[in-house]
Q: 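Before I ask anything, let me first share the structure, which is written out below as structure tokens.
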Amino acid sequence: MDQRIEIIRGDITKLHVDAIVNAANSSLLGGGGVDGAIHRAAGPQLLEECRTLLGCKTGEAKITKGYNLPAKFIIHTVGPIWQNGNHDEDELLAQCYKNSLRAAEQNHVESIAFPSISTGVYGFPIERASRIALREMNEHLPHAQTIQKIIAVCFSEHDYRLYLASAKEFDERKKI
Ligand code: APR
């Protein structure tokens, strides 16, 4: 794993990073899970700005200010809803990471934190999702312009252990 990637267990709304990524829905008007937590922590001005964005397609990413959050920016991305793996779910999830990282670079972000996109309400198997997430993070960093730190934030101990296992698997595959 690239040394600039860190896997932690925690609440993404508390992190003092330049940008946090929100696992949103296509309306961008808030919801439950991490989306709900971010809107609650950021305050009502976030929803006001989100209204001006006119939604977001699955796999795409749009940036807003962070408002009451410690983070300067929020990058909203819409993950795929897991069906059975035959509806481009893997590619769409990869696009969420790619487009979020692109939006971060365009805004000179140096540190960015991701939740485990699509693995809650949207039902994407977390083992599979964590491999995609860590692969995209590792592939981006050699070409990074301003990003120097990527944090994968796991909300539960279970998810944290799975991400660590995927990171170990990634390193072992690299050694072969
Ligand atoms: N900090 C970090 N991670 C969190 C937090 C938090 N405060 N709260 C939840 N999570 C984790 C969940 O445990 C899960 O691992 O974020 C991951 C993504 O889960 P969801 O928030 O359910 O997002 P997702 O599966 O992408 O579904 C998106 O849910 O909340 C709605 O509006 C959202 O419709 C959209 C859908």
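Atoms within a ligand are numbered from 1 in the order they appear, just like the ligands themselves.
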Q: Heavy-atom contacts with ligand 1 below 4.0 Å: which residues, ordered by chain and residue number?
A: Gly10, Asp11, Ile12, Ala23, Ala24, Asn25, Gly30, Gly31, Gly32, Gly33, Val34, Asp35, Ala37, Ser116, Ser118, Thr119, Gly120, Val121, Tyr122, Phe155, Asp159
Q: Just how far is it from atom CD1 of Ile112 to atom CD1 of Ile147, taken to the nearest 0.5 Å?
A: 5.0 Å
Q: Can you name the side chain to side chain contact (heavy atoms under 4.5 Å, CB included) partners of Leu92, sequence neighbours left out?
A: Thr58, Pro80, Asp88
Q: Rounded to the nearest 0.5 Å, what separates atom NZ in Lys72 from atom CG in Asn107?
A: 8.0 Å
Q: Looking at residues at least two apart in the chain, or sitting in another chain, which of them share a salt bridge (Lys or Arg N to Asp or Glu O under 4.0 Å) with Arg161?
A: Glu157
Q: The criterion is side chain to side chain contact (heavy atoms under 4.5 Å, CB included); which residues satisfy it with Gln45, sequence neighbours excluded?
A: Tyr67
Q: Please report the interatomic distance CD(Glu89) to CG(Asn84), rounded to the nearest 0.5 Å.
A: 6.0 Å
